[in-house]
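Structure first, then comments.
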Amino acid sequence: MDQGSIARILKQVSGGEDEIQQLQKALLDYLDENTETDASLVFSRKFYIAQWFRDTTMETEKAIKSQKDEDSSEGTHHAKDVETTGQIMHRAESRKTFLRSIIKTTPSQFSTLKMNSDTVDYEDACLIVRYLASMRPFAQSFDIYLTQ
């Protein structure tokens, strides 16, 4: 991964503190800007929103399950795990709120939400997609699967 390019994109994109959310917004804005040239990008945009929402929901469910498992075992790191679970829950809720706001945006409002068209080009969009895909659980454990 080209971390320099990711850092450059993050600097160009205005947004909150969550870098994943900033990259998602940049990708969605790129897809929205180019829907006139390729109608399939509308479906790609909807797919990414749905996939990210699902991933956030799964992350929340795993955090709740791990918290319940910790409650039953009463480990020594229980307080630290609860704090981490709380942070995961907070981050997941902020991502869900962001995705809901994107879903509720009507096409006439897209023009007010768009960033400059020179912020993200095709190569940057491909890099964002690869970076976000590398953050998914399967991609992170792919080496383990290959080794086995």
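This chain uses plain numbering: 1 for the first residue, then up along the sequence.
Between Lys65 atom NZ and Met58 atom CE the span is 10.0 Å, to the nearest 0.5 Å. Rounding to the nearest 0.5 angstrom, the gap separating the CZ atom in Arg100 from the CD1 atom in Ile102 is 13.0 Å. The NZ atom of Lys25 lies 3.5 Å from the CG atom of Asp29; values are rounded to the nearest 0.5 Å.
Taken together through direct or relayed side-chain contacts under 4.5 Å among Ile, Leu, Val, Met, Phe, Trp and Tyr, Phe47 and Ile49 form part of one hydrophobic cluster.
Here the shortest heavy-atom pairing between Ala63 and Met89 reads CB-SD, 4.5 Å. The two residues Ala26 and Ile9 have their closest heavy-atom pair at CB-CG2, 4.5 Å. Pairing each heavy atom of Val120 with each of Tyr30, the nearest pair is O-CD1, 3.5 Å. When all heavy atoms are compared, the tightest approach of Ala92 to Thr56 is O-CG2, 3.3 Å. Closest approach of Leu127 and Ser5 over heavy atoms only: CD2-CB, 3.2 Å.
A heavy-atom distance below 4.5 Å is not found between the side chains of Tyr48 and Leu132. Side chains of Arg45 and Leu27 form no contact here, defined as non-hydrogen atoms less than 4.5 Å apart. Counting heavy atoms from C-beta on, the side chains of Thr60 and Thr57 never come closer than 4.5 Å. For the pair Arg130/Cys126, a side-chain contact is recorded, criterion being any heavy-atom separation below 4.5 Å from C-beta on.
Because its NZ or CZ atom is both nearer than 6.0 Å to the ring centre of Phe53 and within 45° of the ring axis, Lys96 counts as a cation-pi partner of that residue.
Of the charged side-chain nitrogens involved, at least one lies within less than 4.0 Å of a carboxylate oxygen, so that Arg95 and Asp18 count as a salt-bridged pair.
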Item to check | Verdict with reasoning, Gln3 to Tyr131, per side chain to side chain donor-acceptor pair (under 3.5 Å) | outcome: CA-CA 9 Å; Gln3 290 296 330; Tyr131 181 79; 4.9 Å; no
